[in-house]
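A single structure is presented below for examination.
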Protein chains: 2
Amino acid sequence: MDTPHAHPAGTDLASVARLLADGTRASFCVALLDGRAWTATELARHAGVAASTATEHLNALVRGNLLAEERQGRHRYVRLAGPHVAELIEGLAAMAPGRASPPRSLSAAGRRKALAHARTCYDHLAGAVAVAITDTMTERGLLDWEHGLRLTGDGEAWLGRLGVTVPAGTRRPSVRSCLDWTERRSHLAGAVGAAMCRHAFDAGWITRIGTTRAVAVTAAGRQALRDHLGLPAELLSRK
Amino acid sequence: MDTPHAHPAGTDLASVARLLADGTRASFCVALLDGRAWTATELARHAGVAASTATEHLNALVRGNLLAEERQGRHRYVRLAGPHVAELIEGLAAMAPGRASPPRSLSAAGRRKALAHARTCYDHLAGAVAVAITDTMTERGLLDWEHGLRLTGDGEAWLGRLGVTVPAGTRRPSVRSCLDWTERRSHLAGAVGAAMCRHAFDAGWITRIGTTRAVAVTAAGRQALRDHLGLPAELLSRK
DNA sequence: TCGATGCTTCGGCGCCTGCCGAAACATCGG
DNA sequence: CCGATGTTTCGGCAGGCGCCGAAGCATCGA
């Protein structure tokens, strides 16, 4: 070897980072942030590359343990390998250059606006709505940031009144903050964030817009958030 | 452009990841995980590249806001841009291929062993010792993982008896868990972790081994950890 | 003022890797 | 069994990027 001590710990770090360093692979991962499984062809079309190219990228991502795959007949379904991957990707994206490049088309502008308003982030809620919810929960003493983020007793009771049940006994932290890449503020993640998001879907408070990550708050959802958190309607209705 | 909708959100994610996707740049960042400022030449020699090459890499890393720089005379000092960068890098490294490549030389083996035992991770303590401290603090009810990680009342009192003072009023979470890339377990980070590490240096409980990230626990340190945490001596002495 | 040292700029070289299309293979629905 | 559709393999091409050395600039110490 010609280098003194060939990057002792640098190489393995680089090998992981390299997986996300390509625009197409990154585009796959961002798409998969919705927490659902996509087929290889869907991802290829989404990123605008040939199917053969997508195959090679997926091989790399699966091999690198960023994605998990599942074969069903002639379809190859892939999804993020776990919440830690989603958090890593969000953390990386939050560090991106501050200047959000202006959208180039009207439909892109609308899409961006919908995403900024409310969207899923792996398995919990993100966007302006999620940040507002998190802020209000903090103001009302449901969340405590004093010594690390935690759910207060009031918070537990409040969740119970909402009908949200959090699966217990897992190693996953029950509350966690996740940096929002549109708002640049924290929103609620972790097991509680996921349970709240799931419950909001089940109760019909939010619905997916088409097949994207963007979600819309329904009339019932606005009502529920006003009743339980006192959130003003104008914050929740998209113009 | 020849692609349908040129990676809307993928590009900025990729541009950040690309910075860490090169072995040499990654090697710089891993070196800087010790939290100190290095000169360009030091990093170049460390990674085994020409000074001109290092300059270009540093330009990229500073431009991408991963590193902060400070000019002093003819020296260019760089350091990580903040704790969030250190956490990102550790998170990425923790995802690296499980098989730790066996060290190729005796000195490398010794170095690796020292690092695995106790080292600094940006501004707090990592390695087997740090994991043991964190575990014991949990067992003794000083830390509570129930609803997100937090310091208990007992924990605060315990810190006070140790003489550790934590700067208050910052936005930085006071306790945080950081995934250890040698132990694959969590250790204590955040403002409290940093304050404890700083206090341990000041009190002479630990000292740096040469100019590396590895640290040694002194006799006084073993005594202190036994008195305050009941940690067995054999855990703290390197063989 | 003058050498030594640290850093930067600039060409130029070579490899790595992402891309495609064509062809083969696998699966599904009849 | 057969066409349609999803996926994979394989060449081959082209651009990007990391590397170096030489030369130039800035700063330090004397």
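Values below: all heavy atoms of this structure, side chains included; hydrogens, waters and symmetry mates excluded. Below, chains carry the letters A, B, ... as their sequence lines are ordered, and counting in each starts from 1.
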Rounded to the Å, how far apart are B:Arg45 CZ and D:dC20 P?
15 Å
Option passing side chain to side chain contact (heavy atoms under 4.5 Å, CB included) with B:Phe201 (candidates B:Thr207, B:Leu125, B:Thr120):
B:Thr120
Roughly how far apart are B:Leu61 CG and B:Cys29 SG, rounded to 0.5 Å?
5.0 Å
Rounded to the nearest Å, what distance is computed from the CZ atom of residue B:Arg25 to the C1' atom of nucleotide D:dG18?
8 Å
Could you tell me how far apart B:Asp22 (CG) and C:dC15 (P) are, to the nearest whole angstrom?
17 Å
Could you tell me the separation between the CG atom of B:Asn59 and the C1' atom of C:dT9, rounded to a whole number of Å?
10 Å
Rounded to whole angstroms, how far apart are CG on B:Leu61 and P on D:dG18?
10 Å
Can you name the side-chain hydrogen bond (donor to acceptor under 3.5 Å, both in side chains) partners of B:Arg76, sequence neighbours left out?
B:Asn59, B:Glu69
Give the nucleotide from the list C:dG18, D:dC19, C:dT8 with an atom nearest to the side chain of B:Ala51.
C:dT8
Give the B/S/- string for nucleotides 21-30 of chain D, one per nucleotide from 5' to 3', where a protein heavy atom under 4.0 Å of the base yields B, of only the sugar-phosphate yields S, and otherwise -.
B-----BS--
To the nearest Å, give me how far apart CD (A:Glu70) and P (C:dT27) are.
16 Å
Considering non-hydrogen atoms only, spot the tightest contact between B:Thr218 and B:Gly204 and give its length.
OG1-O, 2.7 Å
Rounding to an integer number of Å, can you tell me how far A:His75 NE2 sits from C:dC25 C1'?
16 Å
For D:dC19, does OP1 or OP2 lie under 4.0 Å from any side-chain N or O of B:His57?
yes
Donor-acceptor contact present, side-chain B:Arg45 to main-chain B:Ala40, <3.5 Å:
no
With a 4.0 Å limit, can you tell me whether A:Arg71 has a side-chain N or O closer than that to the phosphate oxygens OP1/OP2 of C:dA26?
no
Compare the minimum distances between each of D:dG18, C:dT9, D:dT8 and the side chain of B:Thr55, then state the nucleotide with the smallest one.
C:dT9
What is the distance, rounded to the nearest whole Å, between atom CG of A:Leu43 and atom P of D:dG6?
14 Å
Upstream residue (5' side of DNA chain C) when A:Arg18 and B:Tyr77 are each assigned their closest nucleotide
B:Tyr77
Quick one: label A:Ala40 by what it contacts on the DNA or RNA (base, sugar-phosphate, nothing), any heavy atom closer than 4.0 Å.
sugar-phosphate
Taking only N and O in the side chain of A:Arg76, is any of them less than 4.0 Å away from OP1 or OP2 of C:dA26?
no
Smallest separation among heavy atoms of B:Leu19 and B:Arg25, with atom names
O-NE, 2.7 Å
With rounding to the nearest 0.5 angstrom, report the CG to OG1 distance, A:Leu43 to A:Thr53.
13.0 Å
